[in-house]
Every structure is written in structure tokens, then in C-alpha cells.
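Bear in mind that the values here come from a model prediction, so they are computed numbers and not experimental data. Proteins get letters first, then strands, A, B, ... in listed order; numbering begins at 1 in each.
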There are 2 protein chains.
Amino acid sequence: MYHSKITVKLRPSILDPQGKAVEHAIHSLGAAAVHDLRIGKLVEFDIDAATQQEAERITEEACKKLLANPVMEDYAFTVEKRK
Amino acid sequence: MYHSKITVKLRPSILDPQGKAVEHAIHSLGAAAVHDLRIGKLVEFDIDAATQQEAERITEEACKKLLANPVMEDYAFTVEKRK
């Protein structure tokens, strides 16, 4: 069994209003030193795959077809073997 | 300057209907081998702090007071020095 961890982030050129709102909230708590806050998604799942290559192929396909918007988002993932 | 990366995940005992929905969508794409999918949040920001300890304290406080719901969610973070 393999375990995939995927992060999906808005591209740096895309405005992140949700991140801006959270940044303002953190400033309201008194932490004015925080800046350039961005929010992304984290997706984790297990895969019953025979090989590392197959698990990576399935993960890549899920990212491309479903999890990330290729116009606005970048994704990255790691795939680890689990017992 | 320091850079914080925070992950916020639903506790394992909490149902994740959003994750279930995405898992079903992945199955519809033909990847039946995917299971136990969970969705979390990723928050990244820069901090103008004098020391690593101060940056970690600010990050921890933001997690506790704002970013994670202590009843339902667990958080983890890393803080790295950046030039």
C-alpha cells in the first residue's frame, strides 16, 4: 500500500482573498509581523498499487484531472510506501 | 525573515464528507485503488521575527487561536529561516 500527500497552491501571480482575510485576522490578534499569507489545500489518500510507479501515475492523474485547476493552481505530491 | 508552513487536518475520528466526495470523484475517473482520502488546509506565511523562537511562538499562537479548531482539528507546522 502506498500513501500520497498532495499540496495544491494558488499560483504566485493569482490573488488570494481568503489568505488576505486570514492575514488581517492574525494582525487583529496582535501579530503584525505576519505577511504574504497564502492558503492551499492538502489532500492525502492511500492507494492499493503494486508498484511505486503505478501509485505515482494514479496520483498525478488525480491531480491533473480533478484536484488542481491547471490555470490557477500548482500541485506537488509525495508517494510513500506503507505497510 | 522566517517562513511558516502549517498543515491543519481533521482529527482521524472526525468524518470528512468533503474527502469522501472527492474519493468518489476519483473512483469515477477509474482509480478504484484510492481509499481513505482526507482533505486538510495548508497555510503559509512569512514572519519578520528576530529569532526562530519568536517566529515559532507567533505561528503556534496563530494556529491555536485562529487556524485550527481544537475540538475537531490537529495542526502541525515548520518554521524555516529565509534570507
Which value, rounded to the nearest 0.5 Å, describes the distance between [X] atom [atom1] and [Y] atom [atom2]?
X: B:H35; Y: A:D48; atom1: NE2; atom2: CG; result: 3.5 Å
X: A:E44; Y: B:T7; atom1: CD; atom2: OG1; result: 8.0 Å
X: B:L66; Y: A:E23; atom1: CG; atom2: CD; result: 11.5 Å

Same cluster or not: are [X] and [Y] linked, directly or through other Ile, Leu, Val, Met, Phe, Trp or Tyr residues, by side-chain heavy atoms under 4.5 angstrom apart?
X: A:L29; Y: B:I6; answer: yes
X: A:V71; Y: A:I14; answer: yes
X: A:L42; Y: B:V8; answer: no

Atom group of A:I26 that falls short of 4.5 Å from chain B, counting heavy atoms: both
Flag if over 12 foreign heavy atoms under 6.0 Å of CD, B:E80: no
Residue A:K64 excluded, over 12 heavy atoms near NZ under 6.0 Å: no
Which atoms of B:L67 approach chain A - backbone, side chain, both or neither, heavy atom under 4.5 Å: side chain
Contacting region of B:I39 [heavy-atom separation from chain A under 4.5 Å]: both
Option that, when pairs with chain B are counted at under 4.5 Å, heavy atom only, ranks first among A:K41, A:E61, A:E54: A:K41
Residue selection (most heavy-atom pairs with chain A, distance under 4.5 Å) from B:L37, B:V34, B:D46: B:D46
pair B:F45-A:V22: side-chain heavy atoms closer than 4.5 Å: no
